[in-house]
Participant: 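The structure is given below, and queries will be raised subsequently.
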Amino acid sequence: MIVAKDLRKRYDDIQAVDGVSFEVYPGEVFGMLGPNGAGKTTTVEMLEGMRDPDSGVALINGIDVTREPMRVKKMIGVQLQANAFFDRLTLSELLKLFGTLYGHSVSPQDLLDRVDLGDRGKSQFKTLSGGQKQRFSIAAALVNAPVLIFLDEPSTGLDPQARRNMWELIKGLQADGTTVMLTTHYMEEAEELCDRVAIVDSGRIVALDTPLALVDGLLETGFRNQRPTREATLEDVFISITGRALRDE
Amino acid sequence: MRVALSLTVASLKMYFRNRQAIFFSLFIPFLIMVIFGLLDFDRFSGADVGIVDQAHNEASAAITLQLTDRTDELVNVELGSLGDETERLTDGEIDAMFVIPAGFDEPGGPVTISATTDERSPQRAALAVALLGQILGDLERQAASTREITDSGGADGPTIFVSTSTLEGDDRSYTAFLVPGIVAMSIMQLGIFGVVFALVQYRQQGVLRRLKAAPVNPAQFLFAQISTRLSISVFQTLILLLSGMVLFDLAVGDGDVVSWLLVIALAVFGGILFVTMGLAISGVARTEEVAAPVTNLVSMPMMFLSGVFFPLDALPGAVTVVTQFLPLTFLADAIRAVVTDGAGITDIWSELAGLAAWSAVVCAAATRLFRWE
């Protein structure tokens with residue numbers, strides 16, 4: 001689905017992406033993990049056709065992104081890190097407009113239902129809560145029924161309930177057969193969702209495998225967690241007390 | 001095309017849902033128009049009078065002296081030939097013309113001074129005529145008293161009269177000057193301010209980035225921006241002209257369809273120029289904090305130096321050398337020519353050429369300066 005070969009991108013004096021190569025297979029959820037500034041967003045933007053790489057090749061479904069960015073953009077769904085939509089248009093109007101931009105006629109109601117915003121069709125984007133905004137931007141990324149969807153830090157800034165809701169949404173996308181590539185700096189999110197993860201640092205991929213294999217690999221080196229392992233985390237406590245129900249409606 | 005069209009429809013929707021924007025872009029020019037239209041600049045200066053002395057006798061010299069030699073500076077007098085003064089009156093340089101006929105006040109000669117006034121400046125013209133009447137009255141009383149002494153018979157001497165007529169001419173009141181200027185100014189404001197702030201905001205919010213992620217050609221987006229502003233600009237031009245007609249008796253050209261179409265075409269033509277200028281500025285000014293002073297820097301000098309509120313000849317000659325080439329000067333002059341003089345397309349070709357030249361320059365700047373991010 002995605003083939004990245006030796007992608008490089010330099011901004012002035014920073015080598016943001018320094019030779020990144022990987023593949024994403026159809027139907028999988030592929031995660032890119034890394035600290036802020038590791039080059040995750042730049043890598044994703046080069047795959048989305050929003051930024052030309054200095055060198056290297058990016059292929060989406062066999063199509064060269066640099067050569068035919070419009071063709072690639074038509075096929076993929078994109079959720080950007082900072083979501084922004086026009087003011088003074090309702091969610092339904094925005095989805096219709098985006099549908100036209102992609103050459104698809106869409107049913108705004110179906111898309112909104114899919115992201116649990118079925119009753120907010122007449123609202124404006126700026127009146128939504130953080131979690132609702134993220135969900136809406138996923139709905140906007142689905143207007144062209146994409147085979148591949150890019151999610152850049154989809155759960156950053158969300159409370160635990162909204163994040164779990166986002167996870168369910170992403171699992172639903174995968175169940176529908178959509179390939180997902182996401183970036184995150186939450187490890188539990190990567191563990192929960194991703195079939196495979198690439199860990200990037202300073203513009204390079206430093207590890208790439210399934211979450212389980214990566215953990216096993218670390219254990220084989222003799223690493224042991226200093227804190228005693230427990231069956232539950234503080235987040236589990238938080239969720240069991242406050243419930244799973246969304247708070248932003 | 002469908003993409004550009006739906007982006008246009010969407011941004012028109014956004015515009016008309018933004019009550020504040022409508023207020024500022026539609027109501028403010030209207031307000032300025034009404035305020036300046038109500039201000040009566042005629043009242044503030046003395047009357048300019050041209051005297052055509054065909055008599056060259058004692059009586060005509062006395063009248064001229066009475067008008068010239070005043071300490072109250074209510075009138076400024078110039079002497080000239082009938083042809084010259086008629087032309088000056090037609091051009092609006094003088095408010096009234098007094099013709100003292102040959103043989104005036106001489107035995108058997110004519111006794112009537114004809115005063116022609118300019119209906120564009122009724123107050124000043126009326127002032128001049130009133131002064132003339134007063135002077136003639138004084139002269140007559142003097143003559144009468146002299147006659148009484150020399151000729152005790154006290155026979156009725158020839159009385160002298162003023163016959164007044166107003167100049168038959170085009171509608172050239174201040175409001176007829178002002179309204180087309182305001183129309184031009186609001187086309188500029190809408191183009192520059194509307195586009196700069198919308199785009200700077202879209203860019204800061206990241207809306208432009210989201211559009212870049214979609215298969216949208218930049219040209220489609222820009223087309224939508226321009227066509228939206230142009231529709232609003234035409235709409236606003238019509239509103240301002242219609243309110244000028246209602247409030248100030250303005251006539252658009254000869255009231256024919258051609259004049260209206262020409263004004264609409266100028267609104268579109270000027271709109272393209274100033275929207276493109278806005279796109280160029282939005283490339284330079286990356287944040288709203290910078291955008292506000294930069295847009296003012298560009299639009300303010302034009303607002304006051306392009307003959308919107310006052311004729312350009314009110315400025316020192318050296319300044320007009322530059323200001324006559326400002327884009328807003330071309331637009332204001334062209335719209336004014338069509339609205340006030342009923343000019344046709346051939347009469348305004350030099351203004352159109354000026355607008356076209358500016359559009360080319362600004363378009364080149366915009367393609368170089370405009371940025372998505």
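Remember, it's a predicted structure, so these values are computed and weren't measured experimentally. In the text below, chain A, chain B and the rest are named by the order of the sequence lines, each starting its count at 1.
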Participant: Which pair of heavy atoms, one from A:Phe85 and one from B:Arg210, lies closest together, and at what distance?
Facilitator: CE2-CG, 4.0 Å

Participant: Measure A:Asp87 against the heavy atoms of chain B and call it side chain, backbone, both or neither at under 4.5 Å.
Facilitator: both

Participant: Calculate, to the nearest 0.5 Å, the distance between atoms CZ and CD belonging to B:Arg17 and A:Gln124 respectively.
Facilitator: 7.0 Å

Participant: Between B:Met14 and A:Leu89, is any pair of side-chain heavy atoms under 4.5 Å apart?
Facilitator: yes

Participant: Indicate yes or no: does A:Glu45 engage B:Lys212 in a salt bridge with an N to O separation below 4.0 Å.
Facilitator: no

Participant: Taking atom CZ of A:Arg204 as the centre, does the number of heavy atoms from other residues, nucleotides or ligands within less than 6.0 Å exceed 12?
Facilitator: no

Participant: For B:Ser359, give me all partners under side chain to side chain donor-acceptor pair (under 3.5 Å), at least two apart in sequence or on another chain.
Facilitator: none

Participant: Counting only heavy atoms closer than 4.5 Å, note whether A:Phe98 contacts chain B via side chain, backbone, both or neither.
Facilitator: side chain

Participant: What are the two closest non-hydrogen atoms of B:Pro215 and A:Tyr102, and how far apart are they?
Facilitator: CD-CE2, 3.1 Å

Participant: If you count every heavy atom of other residues, nucleotides or ligands that lies below 6.0 Å from A:Lys96 atom NZ, does the total exceed 12?
Facilitator: no

Participant: For chain B, find which of A:Ala141, A:Ser137, A:Ala84 contributes the most heavy-atom pairs closer than 4.5 angstrom.
Facilitator: A:Ala84

Participant: Got a sec, which pairs hit ring pair (Phe, Tyr, Trp, His ring centres under 6.0 Å) with one end in residues 268-298 of chain B, sequence neighbours left out?
Facilitator: none

Participant: Mind listing the closest non-hydrogen atom pair of A:Lys73 and B:Ala214 along with its distance?
Facilitator: CD-O, 3.6 Å

Participant: Kindly compute the distance separating OH (B:Tyr15) from CZ (A:Arg88), expressed to the nearest 0.5 Å.
Facilitator: 11.0 Å

Participant: Side chain from CB out, backbone as N, CA, C, O: work out which of these in B:Leu7 comes under 4.5 Å of a heavy atom of chain A, or both, or neither.
Facilitator: both

Participant: Given a strict heavy-atom distance threshold of 4.5 Å, which part of B:Tyr202 is in contact with chain A: side chain, backbone, both, or neither?
Facilitator: side chain

Participant: Which one wins on heavy-atom pair count under 4.5 Å against chain A: B:Asn217, B:Leu211, B:Leu208, B:Val207?
Facilitator: B:Val207

